[in-house]
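For reference, the structure discussed in these notes is given below.
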Amino acid sequence: MKGLLYKDMMNLSGQFKVYLVFILLYGGISIYGGNLGFLTGILGIMSAILPTSAYAYDERAGWDRLALTMPIRREELVACKYLLGWILILIAFLLTVTAQLLIGSDLAESLFVGLILVATTLLYLSVLLPMLFRFGVEMSRVIYVVLLLVPAFAVSAAVLFFTVYRPFSVSKSFFIGTICAFIFLAALINYGSLRLSVKIYRKKEL
Amino acid sequence: MEFENALELKSVSKAYPGFLLDRISLSLPRGSVMGLIGENGAGKSTLIKLILGLNRPDQGEIRVIGKSREEYEGRDFRYKEQIGVVLDESAFPENLNLIQIERVLANVYHSWDSDCYFSMMERFSLPLKKPIKDFSKGMKMKQAIGAALSHRPRLLVMDEPTSGLDPVARDELLDLFWEFIQKEDHSILVSSHILSDLEKVCDSIAFLHEGRLIFSQEKDALKQRYGIFPCTLEELDRLEKENPACVAGARKNQFGARVLVDLYRAPENIKTEPASLEEMMLLLVRRHGA
């Protein structure tokens with residue numbers, strides 16, 4: 001698993017650099033302007049798109065065919081893409097919360113936006129990854145693009161909602177409770193998605 | 001547990017729409033080299049994928065280094081350390097350079113030998129810091145073969161490893177295969193279209209045609225069994241009438257014919273030339289219908 005994860009990280013290193021430039025640019029503008037909609041949107045897209053890019057690189061090279069002749073289980077190949085997603089989501093969460101704190105939001109508000117990002121991106125990957133393992137990149141492309149708008153839209157909408165309505169001034173505990181339930185549900189769906197992807201991939205002919 | 005055959009297939013079948021790999025049975029004795037030949041679409045790559053566990057056979061039994069497919073695909077997956085694989089395309093992550101690939105493989109194989117890998121890369125004069133995507137096909141193939149040998153396998157399975165290589169590079173690789181096979185428990189299964197390469201290194205040949213195994217025999221036995229009878233068209237007609245069983249295949253031209261003759265069934269006085277593997281394959285394909 002360590003080798004596979006390292007391989008994905010190295011494969012994506014070029015894209016990491018591009019995202020880093022965007023994050024720094026939009027991060028600076030967003031923090032300066034006091035509105036983090038753009039930054040959180042980009043972080044959402046990054047954590048949603050990079051695991052699928054890693055899959056696309058593998059597919060183009062025919063890596064899976066070779067990897068499965070090595071002492072690597074099919075389950076590991078699948079789990080690695082989920083693990084990569086979780087790591088990226090964690091990074092996006094930490095950056096979002098930090099940026100929120102920097103513009104003066106309190107911790108609960110910052111966590112609210114960060115957790116929305118975590119939940120939506122988890123849900124996005126939960127839908128997309130089994131489709132990639134089943135149909136491949138080419139056939140999943142349309143759904144891929146449509147679905148990509150979901151986390152970006154949801155996160156941006158959450159930021160807007162929070163900025164305009166200031167829900168925490170009304171009931172902080174209600175919103176935190178709701179979002180925690182949402183996260184729990186997303187994590188549960190993501191686990192189910194992992195199981196489904198493993199099931200699909202066990203039967204896949206290469 | 002020691003094993004007698006590096007590879008053992010019993011009545012292995014696999015059906016796809018429009019193609020059937022039909023009840024293939026063959027064995028590769030430990031310490032020998034088998035060449036898998038056949039035209040495009042004959043089923044060579046399909047068979048190799050079944051052996052490597054990439055696809056499941058519809059029926060039949062496959063044993064690799066003494067383990068059944070179910071065993072090395074299941075709890076004994078570490079057994080695959082002993083199988084070195086070179087596919088028809090490099091398949092290594094294209095954005096990575098050779099140093100990064102080494103780090104990936106070192107984390108995958110317990111038996112990984114870094115010194116061996118880097119000495120192979122040096123032997124092939126491959127640049128360590130250039131991404132694989134910038135390599136030529138020949139360079140990619142050399143890298144793949146070097147990587148396959150660097151985890152100390154006992155069985156090498158290769159699908160068209162010499163295609164796309166110039167004669168000098170092919171010769172280098174054949175030398176490498178010779179070195180590998182010097183250890184008595186090392187075995188190779190290699191498919192190739194370049195039959196002169198197989199003729200140099202193989203102990204036995206398995207010939208697939210339209211999903212069926214036409215023969216799987218030792219190379220020397222094949223040489224003893226088949227010969228080329230250059231003759232006139234009249235002589236060919238006479239042979240086909242009087243002794244049809246000995247005609248394994250024939251190619252006619254305006255000057256006469258070249259007939260692949262089964263010497264075990266041919267008349268004793270027939271004068272033949274040695275048949276190359278290439279000619280055997282071409283003429284047998286005609287016989288069995290192209």
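Note on naming: letters A, B, ... go to the chains in the order of the sequence lines (proteins, then strands), and numbering restarts at 1 for each one.
Within the 4.5 angstrom heavy-atom criterion, no atom of Ile132(B) approaches chain A. Within the 4.5 angstrom heavy-atom criterion, atoms from both the backbone and the side chain of Asn11(A) approach chain B.
For the atom pair Asn107(B) CG and Met1(A) CE, the distance stands at 12.5 Å (nearest 0.5 Å). The distance from atom OH of Tyr57(A) to atom CG of Asn95(B), rounded to the nearest 0.5 Å, is 5.0 Å. In this structure, CE in Met10(A) is found 12.5 Å from CD1 in Ile101(B), a value given to the nearest 0.5 Å.
Heavy-atom contacts from other residues, nucleotides or ligands closer than 6.0 Å to CZ of Phe22(A) number 12 or fewer. The number of heavy atoms from other shown groups lying within 6.0 Å of CZ (Phe38(A)) does not exceed 12. Enclosure of atom CD in Glu122(B) is not indicated, since only 12 or fewer non-hydrogen atoms of other residues, nucleotides or ligands lie within 6.0 angstrom. The neighbour count for Tyr191(A) OH, taken as heavy atoms of other residues, nucleotides or ligands under 6.0 Å away, does not exceed 12. The number of heavy atoms from other shown groups lying within 6.0 Å of CZ (Phe19(B)) is above 12.
The heavy-atom pair separating Phe92(B) from Ala61(A) by the smallest distance is O-CB, 3.7 Å.
Note: Gln100(B) leads Arg78(B), Gln100(B), Glu94(B), Glu89(B) in heavy-atom pairs under 4.5 Å with chain A. Of all the listed residues (Val157(B), Leu87(B), Asn97(B), Leu105(B)), the one sharing the greatest number of non-hydrogen pairs under 4.5 Å with chain A is Leu87(B). Between chain B and the options Leu66(A), Leu5(A), Leu4(A), heavy-atom pairs under 4.5 Å are most frequent for Leu66(A).
No side-chain heavy atom of Asp58(A) sits under 4.5 Å from any side-chain heavy atom of Pro93(B).
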Please test Met70(A) against Lys80(B) for side chain to side chain contact (heavy atoms under 4.5 Å, CB included), starting from the C-alpha separation and ending with a verdict. CA-CA 6 Å; Met70(A) 299 175 184; Lys80(B) 291 202 246 177; over 6 Å; no

Mind running side chain to side chain contact (heavy atoms under 4.5 Å, CB included) on Leu54(B) and Thr69(A) for me, showing each step along the way? CA-CA 7 Å; Leu54(B) 297 176; Thr69(A) 69; 4.2 Å; yes

Step by step, would you call Lys14(B) with Glu205(A) a side chain to side chain contact (heavy atoms under 4.5 Å, CB included)? CA-CA 12 Å; Lys14(B) 178 77 181 174; Glu205(A) 302 244 311; 3.0 Å; yes

Step by step, work out the side chain to side chain contact (heavy atoms under 4.5 Å, CB included) result for Asp88(B) and Arg65(A). CA-CA 11 Å; Asp88(B) 50 351; Arg65(A) 280 198 307 147; 3.4 Å; yes

